[in-house]
Amino acid sequence: DGVRTHTADAVMNCAWQGRAALDELAGIEPERLIYRLKHQVIVRAGSTADSPTDSPTDIQPLTLVQGPYGDVVPWQGGEIYLSWYPVGRSFIGSAPEASQDPDPAVAEATLENLQEMIPALDRYEVADHAPAYIVAPDPADVGDDISSSDSPLHDRSRMGVVSNDGWYSLRSHKLTTAPLVSERCAAALTGKEALPVEGAA
């Protein structure tokens, strides 16, 4: 509702899909990123699709990782998380779309595709679904040829902090590495050495 200003000794940019745009405003060269909008689908068994159940599922966890990928992740309470990349990735581009609306057609197609491979999913129905961005430092998609050493799509060792005149951009590219990058940023701000990471490149 108007322009506001705030003075600080340091600013840490921890944004996700909006990080590159903010960095550019702060005078930091933007990364070459790819934005993929991937949909998660939550299913429940049969007529209980609109209410939680305490019964465990008989579906086993499964991750399909060769080329286009998918996940089947049973949760406690009987719900199952599904994703299936060929139909569940609804957008790919060098900048995020303005809209991230849930799409019931994508959710149903995800379930139907996985039901063909896993017949035990036939008794499950879509209970919830939502899209979220995957941000990676490369213009390649997972189905492209990324065997070249020049492709950093799955290289998490290049994560870190980029700074310019008090502006710090935290580049984790993955939720599970965000705490490590945050620690490295804290070390850069305080002058203390970051803890070593066993086995890290």
Side-chain angles (χ1 to χ4, degrees), residues 1-42 68-71 81 83-107 110 128-146 148-191 194 197 200-201:
D1 57 353
V3 177
R4 301 182 185 185
T5 60
H6 180 77
T7 301
D9 294 328
V11 177
M12 285 151 283
N13 181 7
C14 302
W16 188 236
Q17 68 258 31
R19 175 172 50 79
L22 293 172
D23 283 349
E24 195 167 5
L25 291 174
I28 291 180
E29 184 74 21
E31 286 183 281
R32 188 176 65 163
L33 298 173
I34 186 171
Y35 297 83
R36 288 173 278 147
L37 193 60
K38 179 184 170 187
H39 295 250
Q40 69 162 12
V41 180
I42 308 301
Y69 60 86
D71 295 295
Y81 164 94
S83 69
W84 181 236
Y85 195 85
V87 296
R89 194 268 289 147
S90 61
F91 170 81
I92 183 170
S94 58
E97 284 186 320
S99 174
Q100 297 184 45
D101 296 330
D103 189 337
V106 170
T110 296
D128 197 10
H129 55 94
Y133 273 105
I134 299 173
V135 183
D138 194 64
D141 199 4
V142 293
D144 298 339
D145 180 9
I146 55 173
S148 168
S149 60
D150 294 332
S151 174
L153 183 62
H154 296 295
D155 182 358
R156 307 303 181 187
S157 66
R158 305 187 193 190
M159 61 191 173
V161 181
V162 178
S163 63
N164 179 38
D165 194 24
W167 180 277
Y168 294 82
S169 176
L170 280 66
R171 300 181 174 182
S172 65
H173 305 130
K174 194 173 178 69
L175 180 62
T176 53
T177 57
L180 174 60
V181 174
S182 300
E183 182 184 272
R184 290 176 175 175
C185 184
L189 283 166
T190 61
V197 182

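Numbering starts at 1 and runs along the sequence shown.
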Over all atoms of both residues, closest heavy-atom pair of [X] and [Y]:
{"X": "Ser163", "Y": "Ile28", "answer": "C-CD1, 4.2 Å"}
{"X": "Trp16", "Y": "Tyr133", "answer": "NE1-O, 2.9 Å"}
{"X": "Ala20", "Y": "Tyr35", "answer": "CB-OH, 3.7 Å"}
{"X": "Pro96", "Y": "Phe91", "answer": "CA-CE2, 4.2 Å"}

Drop me the distance from [X]'s [atom1] to [Y]'s [atom2], to the nearest 0.5 angstrom.
{"X": "Gln17", "Y": "Leu33", "atom1": "CD", "atom2": "CG", "answer": "11.5 Å"}
{"X": "Ser90", "Y": "Gln100", "atom1": "OG", "atom2": "CD", "answer": "9.5 Å"}
{"X": "Glu29", "Y": "Asn164", "atom1": "CD", "atom2": "CG", "answer": "11.0 Å"}
{"X": "Leu170", "Y": "Thr177", "atom1": "CG", "atom2": "OG1", "answer": "10.0 Å"}

**Study point:** Trace of the side chain to side chain contact (heavy atoms under 4.5 Å, CB included) decision for Val161 with Val181
**Key:** CA-CA 7 Å; Val161 181; Val181 174; 4.1 Å; yes
Review point. Looking at side-chain heavy atoms only, is the closest gap between Ile42 and Tyr81 below 4.5 Å?
Key: yes
**Study point:** Asp71 backbone acceptor or donor facing Ser83 side chain under 3.5 Å
**Key:** yes
Exercise for review: Could you list the residues that satisfy side chain to side chain contact (heavy atoms under 4.5 Å, CB included) with Ala95, not counting sequence neighbours?
Suggested key: none
Review point. Got a sec, which residues hit salt bridge (charged side-chain N to carboxylate O under 4.0 Å, His left out) with Asp103, two or more places apart in sequence or on another chain?
Key: none
**Study point:** Any residue meeting side chain to side chain donor-acceptor pair (under 3.5 Å) with Asn13, in chain and number order, not counting sequence neighbours
**Key:** Asp23
Exercise for review: In sequence, state the C-alpha distance, the side-chain angles, and the governing distance for Trp84 and Val41, and then conclude on side chain to side chain contact (heavy atoms under 4.5 Å, CB included).
Suggested key: CA-CA 9 Å; Trp84 181 236; Val41 180; over 6 Å; no
Practice item. For side chain to side chain contact (heavy atoms under 4.5 Å, CB included), just list the numbers for His129 and Thr110, CA-CA rounded to whole Å, side-chain angles, deciding distance to a tenth of an Å, and then say yes or no. Key: CA-CA 10 Å; His129 55 94; Thr110 296; over 6 Å; no
